[in-house]
Participant: 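Okay, here's the structure, questions in a sec.
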Amino acid sequence: MEILEILRYVSALLLVLALIGGAGLAARKWGVPGVTKAVADKRLAVVETLMIGPRQRLFIVRRDDSEHLIFSGPDGVCLVENIPQSFAGRAPKPQCAILAAAEKAPA
């Protein structure tokens, strides 16, 4: 009788954990009103991050159809640049002749 009770408790625990996991997946997929939105409906996304120093970072954040370059450091956060939509998704052209020559050199 004792083994059957332990098996019943373990199976009940697994069932509860499975229900909690299923509810989390459903909330992520369809969203919970007032708490979160579904992934397709979100307007804000972090496109890329770059560590500059131990406590300094650069972020490219997309909001609707525009992107913003944001610097974050221990002193606070600063908007560095608004990236025009025409440049979004393209690699920037090098600004000096040394970088341009390095890109053309065979690897």
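Throughout, residue positions are numbered sequentially from 1 according to the sequence presented.
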Participant: Who else is in the cluster with Leu19 when I, L, V, M, F, W and Y are joined by side-chain contacts under 4.5 Å?
Facilitator: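 Noted: Leu19 shares its cluster with Leu15.
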Participant: Taking only residues two or more places apart in sequence or in another chain, which ones pass side-chain contact (heavy atoms from CB on, under 4.5 Å) with Leu79?
Facilitator: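 For Leu79 the side-chain contact (heavy atoms from CB on, under 4.5 Å) partners, ignoring immediate neighbours, are His68, Ile70, Asn82.
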Participant: Supply the atom-to-atom distance Arg62 CZ to Glu67 CD, rounded to the nearest 0.5 angstrom.
Facilitator: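 Here the rounded value is 4.5 Å.
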Participant: To the nearest 0.5 Å, what is the distance between CD on Glu2 and CG on Leu7?
Facilitator: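 It comes to 13.0 Å.
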Participant: Holding to salt bridge (Lys or Arg N to Asp or Glu O under 4.0 Å), I want the full list of residues that pass it with Asp75, two or more places apart in sequence or in another chain.
Facilitator: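 By the salt bridge (Lys or Arg N to Asp or Glu O under 4.0 Å) rule, Asp75 matches no residue at all.
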Participant: Please answer: with hydrophobic residues joined when any side-chain heavy atoms are less than 4.5 Å apart, are Phe59 and Val80 in the same cluster?
Facilitator: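 No, separate clusters.
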Participant: Roughly how far, to the nearest 0.5 Å, is the CD1 atom of Ile52 from the CZ atom of Phe71?
Facilitator: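 That separation rounds to 5.5 Å.
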Participant: I need the minimum non-hydrogen distance between Gly53 and Met51, along with the two atoms involved.
Facilitator: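 That closest heavy-atom pairing would be O-CE, 3.2 Å.
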Participant: List for me each residue that meets side-chain contact (heavy atoms from CB on, under 4.5 Å) alongside Pro74, sequence neighbours excluded, and say none if there are none.
Facilitator: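 With neighbours one apart ignored, the set is Arg55, Gln56.
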Participant: With heavy-atom distances below 4.5 Å as the criterion, would you say the side chains of Leu58 and Thr49 are in contact?
Facilitator: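 No, every pair of side-chain atoms sits at 4.5 Å or beyond.
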Participant: Between Val46 and Leu69, is there a shared hydrophobic cluster once you connect ILVMFWY residues whose side-chain heavy atoms come closer than 4.5 Å?
Facilitator: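 No.
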Participant: Who passes side-chain contact (heavy atoms from CB on, under 4.5 Å) against Leu44, sequence neighbours left out?
Facilitator: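 Expected list: Val61, Arg63.
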Participant: Tell me, please, which residues at least two apart from Val16 pass side-chain contact (heavy atoms from CB on, under 4.5 Å).
Facilitator: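 Val16: side-chain contact (heavy atoms from CB on, under 4.5 Å) contacts with Ile20.
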